[in-house]
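Inspection log for the structure reproduced underneath, given as structure tokens.
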Amino acid sequence: MDEFERHGIGVVSGRDACAHALRSPDLTSDPGAGSPSVLLRDGDGHARVRGVLREIIAGLDPLPDAVIASIEAVVAGLGASFDLVRDFARPVAGAVTSAVLGVPLDDVFLDHLEKTTANLDVFAGSDRAGQASAFRLAVQLSRTPAGPGGLTALREAHAAGRLNEDELMLNPVVLAHAAYENSLNFLACAGLELATSGPRSVRDLVTSVCPARYVLRFGPDGPIAVSLTDGLPFGLGRHACPGSGVALAEGEIALGALAKVLDGGCEVGEVVWKTHSVFHGLAKAVVTVSGNR
């Protein structure tokens with residue numbers, strides 16, 4: 001008996017079956033708790049909030065020059081030996097997330113953002129530390145002065161009657177987590193692939209890595225986990241990732257710059273993997289560039 005079965009969760013695998021499940025009107029993302037999160041609802045409410053988020057994401061497609069410069073500066077600052085998570089993926093993902101929201105983000109914010117991932121475990125989703133971090137970030141963002149970007153756009157949508165109070169409180173955290181966590185995990189894993197196997201296209205890497213491995217759906221027979229690992233890294237249907245274009249562009253810039261750093265060869269040291277049931281990623285991966293061992 002695997003972990004999904006132990007928790008009473010069915011699993012859908014195989015590309016055709018998963019594509020059908022993701023598009024099925026008989027399956028919902030709404031567990032019935034009335035969440036204001038765009039991730040946990042369907043119907044008109046989901047479409048309305050998703051529409052606001054899509055407008056925000058469109059502001060970063062194509063990536064602004066300032067964001068590209070920030071990504072390139074991170075890679076240029078890598079030393080002879082570096083951690084693909086701490087020194088590469090985290091600051092790159094943080095810079096892009098900051099641009100998405102339109103507010104500066106420090107390490108404390110990113111630490112709490114990573115902790116909120118516990119709330120998206122298909123087995124539980126009730127981790128108290130994760131819930132506390134999500135609440136803290138929601139309050140912090142509600143009080144943060146914002147420049148042009150997602151946070152300001154969400155506030156303007158609320159003022160225009162497109163979002164209610166609860167949606168305005170929670171969805172900035174949802175947006176930040178979506179922009180940050182998947183990029184963090186993808187960039188670190190893809191960086192490790194480059195270090196061990198050499199250059200590959202970003203589209204190939206994102207399909208291979210697939211940082212979000214499952215999405216949870218609810219049907220007449222109970223909850224099911226739909227696999228995204230068979231060529232569906234951005235999902236399909238009404239809940240498909242609206243930021244896929246930005247994610248690919250971010251990967252092209254960051255991984256292209258990293259490939260040049262690794263071009264002369266490297267040695268991979270300690271590698272530690274995360275154990276989350278949904279999000280596939282690295283906790284640590286140390287790389288030493290050739291000639292510096």
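The first residue in the sequence is number 1, and the count goes up from there.
One N or O on the side chain of S290 and one on the backbone of C266 form a donor-acceptor pair closer than 3.5 Å. With hydrogens and angles disregarded, a donor-acceptor distance shorter than 3.5 Å links the side chain of T144 to the backbone of Q140. Without hydrogens or angle criteria, T117 side chain to E114 main chain gives a donor-acceptor distance under 3.5 Å. Put simply, the side chain of S197 never gets that close to the backbone of L194: no donor and acceptor are under 3.5 Å apart. With hydrogens and angles disregarded, a donor-acceptor distance shorter than 3.5 Å links the side chain of R213 to the backbone of V209. Judged purely by atom type and a 3.5 angstrom limit, T152 has no side-chain atom pairing as donor or acceptor with the backbone of P148. Side-chain atoms of S208 do not come within 3.5 Å of backbone N or O of D204 as any donor-acceptor pair. When atom types are taken as modelled, the side chain of S133 and the backbone of K115 share no donor-acceptor pair closer than 3.5 angstrom. Here the side chain of T196 pairs a donor or acceptor atom with the backbone of L192 at under 3.5 angstrom.
Interatomic distance, CG of L205 versus CD of E252, reported as 9.5 Å (0.5 Å rounding). Taking CG from L27 and CG from D42, the interatomic distance works out to 9.5 Å, rounded to the nearest 0.5 Å. Atom NE2 of residue H280 and atom CG of residue L282 lie 7.0 Å apart, to the nearest 0.5 angstrom. For the atom pair CG of D166 and OG of S37, the computed distance is 12.0 Å after rounding to the nearest 0.5 Å. Note that CD1 of I57 is 10.0 Å distant from CG of D61, once rounded to the nearest 0.5 Å. Rounding to the nearest 0.5 Å gives a distance of 7.0 Å between OG1 of T97 and CG of L101.
At a threshold of 4.5 Å between non-hydrogen side-chain atoms, the residues F218 and D30 do not count as touching. Two residues are said to be in side-chain contact when any heavy atoms from C-beta on lie closer than 4.5 Å; E167 and V52 fail this criterion. Taking 4.5 Å as the limit, some side-chain heavy atom of W273 sits within range of a side-chain heavy atom of C189. Using a 4.5 Å heavy-atom cutoff, the side chains of L170 and S35 are in contact. For the pair L163/N171, no side-chain contact is recorded, criterion being any heavy-atom separation below 4.5 Å from C-beta on. The shortest side-chain heavy-atom distance between H158 and E165 falls under the 4.5 Å cut-off. Between L228 and L22 the shortest side-chain heavy-atom distance falls below 4.5 Å. Residues E250 and I71 meet the side-chain proximity criterion, which asks for heavy atoms closer than 4.5 Å.
Side-chain contact annotation: T28 with R217, donor-acceptor N/O pair under 3.5 Å absent. Checked by atom type, the side-chain pair T288/E267 shows no donor-acceptor distance below 3.5 Å. Looking at H46 and R41, their side chains never bring a donor and an acceptor atom within 3.5 Å of each other.
One finds no salt bridge joining R162 and E156 here, because no Lys/Arg side-chain nitrogen approaches an Asp/Glu carboxylate oxygen to under 4.0 Å. Under the 4.0 Å criterion applied to side-chain N and carboxylate O atoms, R90 and D83 are not assigned as salt-bridge partners. Ionic pairing of R50 and E55 is not present here: no N-O contact between side-chain nitrogen and carboxylate oxygen is shorter than 4.0 angstrom.
Centroid-to-centroid, the aromatic rings of F135 and H112 stay 6.0 Å apart or farther. For H276 and F279, the ring centers are positioned less than 6.0 Å apart.
Residue R136 qualifies as open at atom CZ: its count of foreign heavy atoms under 6.0 Å is 12 or below. When the shell of 6.0 Å around CZ of R54 is examined, it contains 12 or fewer heavy atoms from other residues, nucleotides or ligands. Counting heavy-atom neighbours within 6.0 Å of D65 CG, excluding the residue itself, gives a total of 12 or less. No more than 12 heavy atoms of other residues, nucleotides or ligands sit less than 6.0 Å from atom NZ of K284. For R203, the CZ atom is loosely surrounded, since the number of other residues' heavy atoms within 6.0 Å does not exceed 12.
Transitive grouping of hydrophobic side chains (ILVMFWY, heavy atoms separated by less than 4.5 Å) keeps V100 and M169 in distinct clusters. Cluster annotation: V139 is not connected to L168 through the hydrophobic network of ILVMFWY side chains, with a link wherever side-chain heavy atoms come within less than 4.5 Å. If you chain together hydrophobic residues whose side chains sit under 4.5 Å apart, F88 and V272 never meet in one group. Cluster membership check: V286 does not share its hydrophobic cluster with V271, using side-chain heavy-atom separations under 4.5 Å among Ile, Leu, Val, Met, Phe, Trp and Tyr.
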- [ ] Show your working on side chain to side chain contact (heavy atoms under 4.5 Å, CB included) between F234 and N182 and close with a plain yes or no.
- [x] CA-CA 10 Å; F234 295 114; N182 286 323; over 6 Å; no
- [ ] Go through the steps to decide whether V202 and F186 satisfy the test side chain to side chain contact (heavy atoms under 4.5 Å, CB included), and finish with yes or no.
- [x] CA-CA 10 Å; V202 171; F186 168 63; 4.2 Å; yes
Open item on the list: Using the rule given for side chain to side chain contact (heavy atoms under 4.5 Å, CB included), can you reason through L141 versus F109, listing the C-alpha separation, both sets of side-chain angles and the distance that settles it, and then say yes or no?
Closed with: CA-CA 10 Å; L141 289 174; F109 185 99; 3.9 Å; yes
TODO: Any chance you could lay out the side chain to side chain contact (heavy atoms under 4.5 Å, CB included) test for V11 and V226, step after step, and finish with the verdict?
DONE: CA-CA 6 Å; V11 177; V226 182; over 6 Å; no
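Shown here for A17 and S13, the closest heavy-atom pair between the two residues is CB-O, 3.5 Å. Here the shortest heavy-atom pairing between A225 and F4 reads CB-CE2, 3.5 Å. Across every non-hydrogen atom of L255 and G191, the tightest pair is CD2-N, 4.0 Å. In this structure, P211 and N185 approach most closely via the heavy-atom pair CB-CB, 4.0 Å. Closest non-hydrogen pair, S70 versus A95, comes out as CB-CB, 4.2 Å. The two atoms that bring T207 and G231 nearest to each other are CG2-CA, 3.8 Å, heavy atoms only.
The side-chain contact (heavy atoms from CB on, under 4.5 Å) with D87 is formed by just one residue from the set L78, V75, V74; it is L78.
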